[in-house]
Amino acid sequence: MHNGTSITQFIIEEQRKTEGATGDFTSLLNDVVTACKVISNLVNKGELIGVLGSAGSENVQGETQKKLDIITNEVFIKSNEWAGHLSAMASEEMDEIYPIPTSYPRGKYLLTFDPLDGSSNTDVNVSVGTIFSILRCPGDGDGQNPSEQAFLQSGSEQVAAGYALYGPSTMMVLTTGNGVNGFTLDQDIGEFILTHPNMQIPEKTREFAVNTSNMRFWETPVKRYIDECLNGSEGPRGEDFNMRWIASMVAEVHRILTRGGVFMYPLDSKMTAKGVEGKLRLLYEANPMSFIVEQAGGLSITGRERIMELKPKALHQRVPVVLGSKEEVERVMGYHKEFDAENAA
Ligand code: AHM
Ligand code: MG
């Protein structure tokens with residue numbers, strides 16, 4: 001039995017440190033936490049309540065939606081639209097932004113989310129998660145109709161980011177720019193309890209996560225990095241590496257926060273042939289995860305640039321992602337720089 005700090009207490013105490021804080025942000029985070037508890041319950045019940053399987057529709061990215069993608073998106077909207085803290089929301093599962101209906105007051109924040117990341121894993125009962133990011137609405141949501149443009153802020157502008165991981169335990173990992181803290185849901189009392197204070201990613205690691213079935217489509221620097229890992233003690237790295245691929249970014253990032261490693265979904269020629277620049281979405285996957293990873297002492301890049309410095313061009317923009325332990329991510333960046341310099345010459 002855990003008798004520690006609840007996430008509500010933690011958020012309120014954090015907020016007290018901020019001068020002029022109105023309590024709006026605390027209340028918004030609480031609504032996000034509630035949504036994640038509801039989703040945890042749905043995911044946990046699974047086929048008992050008939051929520052597994054496909055919905056027979058596609059999202060804006062042309063991906064088949066699972067029933068749970070649609071249900072969890074609705075849960076997020078319903079939990080977060082009424083309280084008056086938000087001006088608009090945006091999600092992986094909605095083509096357009098969702099302005100807060102005029103029947104509710106509008107507030108100074110924007111919320112982006114992927115309600116159920118890794119949802120291809122639900123039917124096989126493997127961990128999935130929710131990812132979210134909170135931005136300030138330009139003009140503090142001055143009553144104007146919020147536009148897509150308002151969301152196109154670089155990751156470094158995020159006010160908070162977090163994820164919920166629905167695994168053997170349900171966890172919530174959160175940053176407000178002051179380190180990273182992890183909470184575990186105590187199902188008996190329905191509260192997240194602080195169990196992983198001040199999470200830090202080990203700098204050096206010998207573990208990587210990548211979908212190697214795409215190897216033949218990768219760029220040379222990525223291929224070089226992974227080849228060197230695979231060659232282990234017989235290659236230039238002189239050490240053996242371990243590999244994992246869960247196909248749930250949330251679970252992958254959580255492992256890295258816990259024991260280090262590198263996760264990548266790099267650019268490949270299949271994507272460029274289709275005119276897309278990556279697999280993962282910038283605003284509600286890559287940016288929040290980059291914020292968390294960097295707040296835990298790691299690094300997150302596209303291969304060539306820091307993700308949080310990118311100026312977003314579109315709501316559903318995709319980017320290549322390489323994140324995790326600092327030394328390894330810096331190495332991957334170095335390989336890209338070397339390659340680009342050789343090819344420019
Ligand atoms: P989703 O948002 O449609 O669930 O896709 C994102 C997921 C990530 O969680 C995961 O890292 C990746 O897609 C897995 O891709 P793949 O099936 O190519 O291995
Ligand atoms: Mg996703």
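Below, all heavy atoms of this structure are taken into account, side chains as well, without hydrogens, waters or symmetry copies. Because the structure is a prediction, the values reported are computed rather than measured. Atoms within a ligand are numbered from 1 in the order they appear, just like the ligands themselves.
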Please list, by chain and number, the protein residues whose heavy atoms come under 4.0 Å of ligand 1. Glu63, Glu92, Asp114, Asp117, Gly118, Ser119, Asn211, Trp245, Ala247, Ser248, Met249, Phe263, Tyr265, Lys279, Leu280, Arg281, Glu285
Whether Lys337 and Glu342 form a salt bridge (side-chain N of Lys/Arg under 4.0 Å from carboxylate O of Asp/Glu) is what I want to check. no
List the atom of Met308, the atom of Ser154, and the distance in Å for their closest heavy-atom pair. O-CB, 3.5 Å
Less than 6.0 Å separating the ring centroids of Tyr225 and Trp218? no
Cluster membership besides Leu110, Ile/Leu/Val/Met/Phe/Trp/Tyr side chains within less than 4.5 angstrom, sorted by chain and number, is Ile97, Leu135, Phe151, Leu152, Leu283, Tyr284, Leu315
Given a cut-off of 2.8 Å, the protein N, O or S atoms lying below it from the Mg ion (ligand 2) are Glu92 OE1, Asp114 OD2, Asp117 OD1, Glu285 OE2
With a 3.5 Å cut-off and no angle check, do the side chains of Tyr163 and Asp117 form a donor-acceptor pair? no
In residues 233-241, what donor-acceptor pairs under 3.5 Å come from side-chain atoms, sequence neighbours left out?
residue: Ser233; atom: OG; partner: Asp240; partner atom: OD1; Å: 3.1
residue: Arg237; atom: NH1; partner: Glu328; partner atom: OE1; Å: 3.1
residue: Arg237; atom: NH2; partner: Glu328; partner atom: OE1; Å: 3.3
residue: Arg237; atom: NH2; partner: Glu328; partner atom: OE2; Å: 2.7
residue: Glu239; atom: OE1; partner: Arg206; partner atom: NE; Å: 2.9
residue: Glu239; atom: OE1; partner: Arg206; partner atom: NH2; Å: 3.0
residue: Glu239; atom: OE2; partner: Arg206; partner atom: NE; Å: 3.4
residue: Asp240; atom: OD1; partner: Ser233; partner atom: N; Å: 2.8

Ignoring hydrogens and geometry beyond distance, is a side-chain donor-acceptor pair present between Asn41 and Lys37 at under 3.5 Å? no
Quick one: are Trp82 and Asp31 in side-chain contact, heavy atoms under 4.5 Å? yes
For a 4.5 angstrom cut-off between non-hydrogen side-chain atoms, does Glu277 reach Val319? no
